[in-house]
Amino acid sequence: MFDFSDFYQLIAKNRLQNWLTVLPSQLAEWQDLPHGDMPKWLRVLKKIPTDAPSTVELKDSVTIGSGSDLQPGHQAKLENLLRSFHPWRKGPYTVHGLHIDTEWRSDWKWDRVLPHISPLKGRYVLDVGCGNGYHMWRMLGEGAALTVGIDPSELFLVQFEAIRRLMGNDQRAHLLPLGIEKLSELKAFDTVFSMGVLYHRRSPLDHLIQLKNQLVKGGELVLETLVIDGDENAVLVPTDRYAQMRNVYFFPSAKALKVWLEKVGFTEVRIVDECVTTTDEQRSTNWMTHNSLPEYLDQDDLTKTVEGYPAPKRAILVAKNPD
Ligand SMILES: Nc1ncnc2c1ncn2[C@@H]1O[C@H](C[S@+](CC[C@H]([NH3+])C(=O)[O-])CC(=O)[O-])[C@@H](O)[C@H]1O
């Protein structure tokens, strides 16, 4: 069983308290349908120490403690425990001198996002599709008061909890195993991030409206997704897979995405970054040994995916909720 009671107690006293009318029953429903590996994962999680580390660095990286915090032999033991949560996709993390080299250099995405957003100091932040929570720790590094991530992947929740234990059970970040469609209109977050999620949603405008409904008046949306080149009318809908990914729907141009955001009522919409994803940013590693981007590109023409679509390009847009 996962225990979300710390989160319930925390939000009972803050502006997220309305969430308590639905959240406990939603998470109880989730507990009733456990992932097959969950009992094993929970046994491993319990073995991960919760002692406060000597140091925590979150501003320039996610680095917890140093090798000397652990007794001799304990680093190898910790490595074995963490490796049982393979594949590690989002990171990198350095814990007690152990470097978790993840499939993604999620820190590079953060470096592209950070210069363009309002300062996070003191803000309530929601990270929709947060993966294992890597960016939530970086948000805390920028001074966010609270970061809440939602992501339906059970393994990501387990990885997040492992890192949180190693942080000394830090209560400033919480991950809930929910999809965005499960959220009511909370209107309680100062900043909402949706990074790498929109192309997984069958109804992208509804996704944008759901994101808007989580923001306070004047709050900021940070949207990152796969895009194609083109004008305000350009959008790709792959017939089947894209770069071997299933469940993919709409890949607009950045300009079209700006129109969509304005259409659902966002203002001050800015396209702040566009860049092609490189095979240095997404690749197999010792901590993620499955195929990755290099295998998903056409070997004779790296500007195309194996399906013949344009190779992955991502845009970041920032917008304001005026309501
Ligand atoms: N309905 C849904 N609601 C919420 N999350 C979902 C849903 N469906 C899928 N996801 C989650 O959205 C995440 C997309 S990854 C981005 C991670 C991070 N944000 C990153 O920017 O690195 C994609 C990428 O690798 O770019 C996955 O963790 C899914 O489980």
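Here the structure is a predicted model, which means the values were calculated and not measured. Indexing begins at 1, ligand by ligand and atom by atom, following the structure's order.
- With a 4.0 Å cut-off on non-hydrogen atoms, F156 touches ligand 1 through its side chain and not its backbone.
- Judged by distance alone, with hydrogens and angles left aside, the side-chain atoms of Q159 form a donor-acceptor pair with the main-chain N or O of P87 at under 3.5 Å.
- Under 4.0 Å from ligand 1, heavy atoms of I180 appear from its side chain as well as its backbone.
- Listed by number with element, the atoms of ligand 1 under 4.0 angstrom from any heavy atom of G131 are 28 (O).
- Shown in contact with K109 at under 4.0 Å from a heavy atom are these atoms of ligand 1, numbered in order with element: 20 (C), 21 (O), 22 (O).
- Atom numbering of ligand 1 starts at 1 in the shown order; those under 4.0 Å from a heavy atom of G179 are 1 (N), 2 (C), 3 (N), 4 (C).
- Residues R112 and D273 are paired through a salt bridge, judged by an N-O separation under 4.0 Å between the basic side chain and the carboxylate.
- Neither the backbone nor the side chain of E103 has a heavy atom within less than 4.0 Å of ligand 1.
- A salt bridge is absent between R43 and D37; no separation between the charged side-chain nitrogens and carboxylate oxygens falls under 4.0 Å.
- The nearest non-hydrogen atom to atom 8 (N) of ligand 1, considering only S194, P152, C130, S106, comes from P152.
- The aromatic rings of F160 and W137 sit parallel to each other, their planes meeting at less than 30°, with 60° as the upper class boundary.
- No more than 12 heavy atoms of other residues, nucleotides or ligands shown are found within 6.0 angstrom of NZ on K182.
- Near R201, meaning under 4.0 Å from any of its heavy atoms, are these atoms of ligand 1: 1 (N).
- Screening K59, R123, K121 for a side-chain hydrogen bond (donor to acceptor under 3.5 Å, both in side chains) involving E142 leaves a single residue, K59.
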Inset, instruction - I would like to know whether T289 and H86 meet side chain to side chain donor-acceptor pair (under 3.5 Å); could you show each step before the answer? - result: CA-CA 8 Å; T289 57; H86 178 271; 3.1 Å; yes
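- Atom numbering of ligand 1 starts at 1 in the shown order; those under 4.0 Å from a heavy atom of W104 are 25 (O).
- Remark: R201 is not positioned above the aromatic ring of Y249, lacking an NZ or CZ atom under 6.0 angstrom from the ring centre and at most 45 degrees off the axis.
- Counting the atoms of ligand 1 from 1 in the order shown, those under 4.0 Å from a heavy atom of V197 are 12 (O).
- Every atom of ligand 1 with a heavy atom of K90 under 4.0 Å away is listed here by number and element: 15 (S), 16 (C), 17 (C), 22 (O), 24 (C), 25 (O), 26 (O).
- Here is the list of ligand 1 atoms found below 4.0 Å of a heavy atom in R314: 26 (O).
- For F193, no heavy-atom contact with ligand 1 is shorter than 4.0 Å.
- Of all protein heavy atoms, the one lying nearest to atom 1 (N) of ligand 1 is E181 OE1, 3.0 Å.
- Other residues, nucleotides and ligands contribute at most 12 non-hydrogen atoms within 6.0 Å of the NZ atom of K320.
- Annotation: side chain of V248 is not in contact with side chain of R241 (no heavy-atom distance under 4.5 Å).
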Legend entry - side chain to side chain donor-acceptor pair (under 3.5 Å) between E181 and Q210, intermediate numbers included: CA-CA 7 Å; E181 59 284 0; Q210 282 158 349; over 6 Å; no
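- At a heavy-atom cutoff of 4.0 Å, ligand 1 is contacted by no atom of E224, backbone or side chain.
- Below 30°, between 30° and 60°, or above 60°: for W19 and F7 the angle between ring planes is above 60°, a perpendicular geometry.
- Here the heavy atom of the protein found nearest to atom 14 (C) of ligand 1 is G196 O, 3.1 Å.
- If you look at Y199 next to ligand 1, the close heavy atoms, those under 4.0 Å, all belong to the side chain.
- For atom 19 (N) of ligand 1, the closest heavy atom belonging to the protein is G129 O, 2.6 Å.
- Of the heavy atoms in R89, none comes closer than 4.0 Å to ligand 1.
- For ligand 1, the polar-atom distance check finds an N/O of D151 within less than 3.5 Å of one of the ligand's N/O atoms.
- With contacts defined as side-chain heavy-atom distances shorter than 4.5 Å, the pair W260/V235 qualifies.
- Looking at atom 16 (C) of ligand 1, its nearest protein heavy atom turns out to be M195 O, 3.3 Å.
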